[in-house]
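Structure first, commentary second.
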Amino acid sequence: MQIVELRSDTMTRPTPAMRRAMANAEVGDDCFGEDPSVNRLEEAMAALLGKEAGLFVTSGTQGNQLAVRSQTHHGNDVIAERYCHLFNAEAGALGALSGVQVRLLTGERGVFTPAQMEEVIQRGDNVHYGRTALVAVENTHNKSAGYPWPVEALSRVSECARSNNLRVHMDGARLFNACAATGLTAQTYTQHVDTVSVCLSKGLGAPVGSVLAGDQTTIDAARYYRKMLGGGMRQAGVLAAAGLYAMEHNISRLPEDHGHATRLAEALADLENVEIDLDEIHSNMIFFSLRNGLDPFEAVDRLSEEGVRMLAMKSGVIRAVTHLDVSGEQIDRAIEVCRKVLTRVS
Ligand SMILES: Cc1ncc(COP(=O)(O)O)c(C=O)c1O
């Protein structure tokens with residue numbers, strides 16, 4: 001049975017062409033700065049993001065955590081959004097690796113405001129309190145079904161951060177999905193942040209890796225901490241080559257995934273047992289719930305038996321994510337299976 005894999009865009013597998021690029025990669029020892037493919041990737045991504053320097057890291061988690069470690073001191077406060085990945089889904093790394101405290105703001109679709117920031121910023125002018133060092137934003141916002149930050153909102157947050165001497169980090173695991181959704185360039189977003197990490201291994205289809213980009217001093221610090229965490233890689237050019245291939249071939253095709261997400265969402269909206277808000281489909285993620293007593297976990301099991309994999313979350317919401325490895329025909333198949341499985345009454 002052919003599987004339609006909609007659980008996550010991390011499930012993409014390197015294509016034969018990407019594997020060829022990996023096999024042919026020029027390599028050297030990256031801990032000596034001598035891997036030409038890694039150097040090329042870091043330079044190309046930094047240039048695309050409008051930053052001075054880039055660092056190839058093992059994962060989105062490592063990129064985020066190095067950004068925090070490099071821009072804070074132990075005991076500092078970090079402002080982040082309540083449902084962000086960096087706080088909720090990175091194995092407690094903020095406390096463990098950076099020793100920071102987190103001030104969580106409840107955003108609207110992940111977006112918070114300067115007024116909310118002002119309420120929690122600690123300026124270091126009272127010995128009783130910590131000191132805020134960094135603000136983190138997530139674009140697109142995973143838990144808000146891949147919502148892209150409006151640039152004006154980002155600009156206001158950045159302005160507020162700068163006027164309070166705070167750094168801004170963007171978890172841009174899916175920044176290029178934000179670009180595909182809005183038609184804006186990556187730099188339109190990244191001009192408002194000091195550091196940004198982007199994932200190569202999600203919608204861009206590389207098997208491994210992310211790039212953290214920022215000013216040279218911060219990236220030098222991040223390189224040092226990456227080594228400390230055992231993330232100093234050697235002939236990592238075979239992986240960087242996949243990243244370079246992904247940049248060249250797979251960024252421009254992301255709108256196709258968004259189109260697939262919209263088509264699937266529209267078909268789901270026609271089903272009586274499905275509750276879905278089409279206004280909340282922003283990029284490559286669909287969140288929906290079930291009505292009439294249908295159990296989401298059971299439904300996901302039944303979909304899986306028919307070859308369509310989706311994710312039921314603790315909240316009872318079901319998530320489907322489109323990506324490079326899901327074709328238009330597979331979306332047709334997913335729609336057909338959803339019609340069959342989700343129209344049953346428990
Ligand atoms: C918004 C966001 N940031 C960061 C990450 C972490 O990426 P990785 O799984 O490569 O560590 C993810 C992973 O899904 C994510 O969705």
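Remember, it's a predicted structure, so these values are computed and weren't measured experimentally. Whatever order the structure lists ligands and atoms in, that order sets their numbers, starting from 1.
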Exercise. Considering the options N284, N177, T322, which one meets the side chain to side chain donor-acceptor pair (under 3.5 Å) requirement together with H258?
Worked result: N177
Problem set entry | is_close_aromatic(Y147, H141), centroid dist under 6.0 Å | no
Exercise. Does L134 reach the side chain of V68, with side-chain heavy atoms less than 4.5 Å apart?
Worked result: yes
For this session: Could you list the residues that satisfy ring pair (Phe, Tyr, Trp, His ring centres under 6.0 Å) with Y189, not counting sequence neighbours?
Result: none
For this session: Please assess E298 against R302 for the test salt bridge (Lys or Arg N to Asp or Glu O under 4.0 Å), listing each intermediate value before the final yes or no.
Result: CA-CA 6 Å; E298 210 181 297; R302 286 194 199 160; 3.0 Å; yes
Problem set entry | Distance (rounded to the nearest 0.5 Å) between H282 NE2 and F287 CZ | 9.5 Å
For this session: Might you list the protein residues in contact with ligand 1, defined as having a heavy atom under 4.0 Å from one of its atoms, sorted by chain and number?
Result: S59, G60, T61, N64, H85, E90, E138, N142, D171, A173, R174, K202
